[in-house]
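Note that the coordinates shown come from a computational prediction; the quantities given were computed from them, not determined experimentally. FYI, side chains are in, hydrogens and waters are out, and symmetry mates aren't considered; it's all heavy atoms of this structure.
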Amino acid sequence: MIETIITEMQSHIQQLGKIVDIAEVERLRVKVLGKKGIITGAMKVLSTLEPQERKKLGIRLNELKTEFLQKLTATKMLLEETYLEQAILQEKVDVTLPVSSYDPIREGKIHPVSQGMEEIIEIFMSLGFSVAEGNDVETDYHNFTALNFPPSHPAREMHDTFFFEQDSEKHGQYLLRTHTSPTQIHTMLNQSPPYRIIAPGRTYRCDSDQTHTPMFHQVEGLVIDTDITLSHLKWVLEIFCKTYFEVEDLDMRYRPSFFPFTEPSLEVDIQCKKDKKSLQIGTGNDWLEILGCGMVHPQVLKNVGIDPDNYKGFAFGMGIDRLVMLKYGIPDLRAFFEGDLHWLRHFGFSVLDIPCMYRQAKQ
């Protein structure tokens, strides 16, 4: 019985040199070395033999098993290399890309907030304003104290501020700015009057609903000179609103209000017509609050080292997101920040639709 197994093993070793199929190599491996293979059967037979004969035949079987494994490994490696070489010769991979149907000019869209911000900047630059930029992270001093918010002032509670644990050595606690007014403070501290700037950018407050988000966009304006009056403020705001909403006639209403950094302070409403389906600017008998403004408080000027007896000015602030919603009929502010491509394709702007006062005038 054992001699027959030895002869069969020798035959399989010779057979390995003739196999040309990797699958056949695997079948032969299972036949010889598997749980029910030849070697397993031989071990069962060995257990029935006399010790001397068992030792002699066991050594011979182990030698054949080792030889079979070596020949099996070499044959498998040779066949795999041959198969790979043939595949490389036969296969052809086209590494060129087909012509894409994607049209970036047609498919790419500018976000309404980005478009609205550029429109606002373009209008104010045409009026002689320059753009000032500031940091999103500010100090309590620049965001509140320098703007005439005393430490215990109740108006601080209206801003729902995101505070950091870390404090500045000179200017109090760090925070995410609640308005872009700190940019005005930095400008007045670092430059000499006169000033005519706008400060667009992101602002942050702990608030979220259909018309409020924790992060939103504002633009604030500042004009400081020796002979500035409320008339100048009203003229600038009237020109801006007419140009932005693209209407020739627009009634505006100014209501007394309160802001710590302006005195007097005003809320501005614009004429509109409201119904269940639409909102029209520049016509009708309804009013819509649009922004806040006022003459710069003398204490604010003193805080930045400007003599309020020689210089006066006005400031205003408005929400860019709200202006965009009103102009383009977007019902929910939260959609601005959801990243919905279907929404962006509907409300977005062509990459070539660059805000331009000349083009607006022609239209």
Exercise. More than 12 foreign heavy atoms under 6.0 Å from CG of Asn285: is that the case here?
Worked result: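 Open: at most 12 neighbouring heavy atoms sit under 6.0 Å from CG of Asn285.
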
Exercise. When you look at CZ of Phe163, are more than 12 heavy atoms from neighbouring residues, nucleotides or ligands closer to it than 6.0 Å?
Worked result: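 Yes, the 6.0 Å shell around CZ holds more than 12 heavy atoms from other groups.
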
Exercise. Do the ring centers of Phe349 and Tyr328 come within less than 6.0 Å of each other?
Worked result: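 They qualify: ring centres under 6.0 Å apart.
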
For this session: Answer with yes or no after comparing the ring centroid distance for Phe149 and Phe144 against a 6.0 Å cut-off, counting only values under it.
Result: yes

Once side-chain hydrogen bond (donor to acceptor under 3.5 Å, both in side chains) is applied, do any residues pair with [X], and if so which ones, sequence neighbours excluded?
X: Asp21; value: none
X: Glu238; value: Lys242
X: Thr229; value: His232
X: Lys312; value: none

Taking only distance into account, with no hydrogens and no angle test, what donor-acceptor pairs under 3.5 Å do side-chain atoms of residues 291-303 form with protein atoms, sequence neighbours excluded?
{"residue": "His297", "atom": "ND1", "partner": "Gln299", "partner atom": "N", "Å": "3.0"}
{"residue": "Gln299", "atom": "NE2", "partner": "Asn303", "partner atom": "OD1", "Å": "2.9"}
{"residue": "Asn303", "atom": "ND2", "partner": "Ala146", "partner atom": "O", "Å": "3.0"}
{"residue": "Asn303", "atom": "ND2", "partner": "Gln299", "partner atom": "O", "Å": "3.2"}

Can any side-chain N or O of [X] pair as donor or acceptor with the backbone N or O of [Y] at less than 3.5 Å?
X: Arg255; Y: Glu267; result: no
X: Asp321; Y: His217; result: yes
X: Asn135; Y: Glu138; result: no
X: Tyr195; Y: Leu222; result: no
X: His111; Y: Phe336; result: yes
X: Thr180; Y: Gly201; result: no
X: Asp340; Y: His342; result: yes
X: Arg196; Y: Asp225; result: no
X: Thr187; Y: Thr183; result: yes

Which atoms form the tightest heavy-atom contact between [X] and [Y], and what is the distance?
X: Met252; Y: Cys241; result: CE-SG, 3.7 Å
X: Thr262; Y: Ala315; result: CG2-CB, 4.4 Å
X: Ser168; Y: Thr139; result: CB-CG2, 4.1 Å
X: Phe259; Y: Leu266; result: CE1-O, 3.6 Å
X: Tyr244; Y: Lys327; result: O-NZ, 2.8 Å
X: Arg177; Y: Pro182; result: CB-CG, 4.4 Å

Considering only heavy atoms from C-beta outward, does the side chain of [X] approach that of [Y] to under 4.5 Å?
X: Glu80; Y: Val25; value: no
X: Trp343; Y: Pro112; value: yes
X: Arg322; Y: Phe216; value: no
X: Tyr311; Y: Thr226; value: yes
X: Val219; Y: Met117; value: no
X: Cys272; Y: Leu326; value: no

Exercise. Are Met215 and Tyr174 linked, directly or through other ILVMFWY residues, by side chains that come within less than 4.5 angstrom of each other?
Worked result: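 Met215 clusters together with Tyr174.
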
For this session: Treating Ile, Leu, Val, Met, Phe, Trp and Tyr as nodes and any side-chain heavy-atom pair under 4.5 angstrom as an edge, say whether Trp235 and Val268 lie in one connected cluster.
Result: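 Per the 4.5 Å side-chain linkage, Trp235 and Val268 are co-clustered.
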
Calculate, to the nearest 0.5 Å, the distance between atoms [atom1] and [atom2] belonging to [X] and [Y] respectively.
X: Thr145; Y: Asp140; atom1: OG1; atom2: CG; answer: 4.5 Å
X: Ile123; Y: Phe240; atom1: CD1; atom2: CZ; answer: 5.0 Å
X: His186; Y: Gln191; atom1: NE2; atom2: CD; answer: 12.0 Å
X: Glu24; Y: Leu16; atom1: CD; atom2: CG; answer: 9.5 Å
X: Leu78; Y: Thr73; atom1: CG; atom2: OG1; answer: 12.5 Å

Problem set entry | Steps toward ring-ring contact (aromatic ring centres under 6.0 Å, His included) verdict (Phe316, Phe124) | CA-CA 12 Å; Phe316 57 85; Phe124 280 112; 5.3 Å; yes

Problem set entry | Contact list for residues 59-73, test salt bridge (charged side-chain N to carboxylate O under 4.0 Å, His left out), sequence neighbours left out |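 Residue pairs passing salt bridge (charged side-chain N to carboxylate O under 4.0 Å, His left out), neighbours aside: Arg60-Glu63.
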
For this session: Kindly indicate, with the supporting measurements, whether the criterion side chain to side chain contact (heavy atoms under 4.5 Å, CB included) is fulfilled by Arg27 and Lys31.
Result: CA-CA 6 Å; Arg27 285 194 291 269; Lys31 181 178 180 181; over 6 Å; no

For this session: Run the numbers on Leu237 and Phe314 for side chain to side chain contact (heavy atoms under 4.5 Å, CB included), then give the verdict.
Result: CA-CA 11 Å; Leu237 295 180; Phe314 62 78; over 6 Å; no

Exercise. Run the side chain to side chain contact (heavy atoms under 4.5 Å, CB included) check on Glu119 and Leu323 step by step: do they pass?
Worked result: CA-CA 11 Å; Glu119 291 175 0; Leu323 290 175; over 6 Å; no

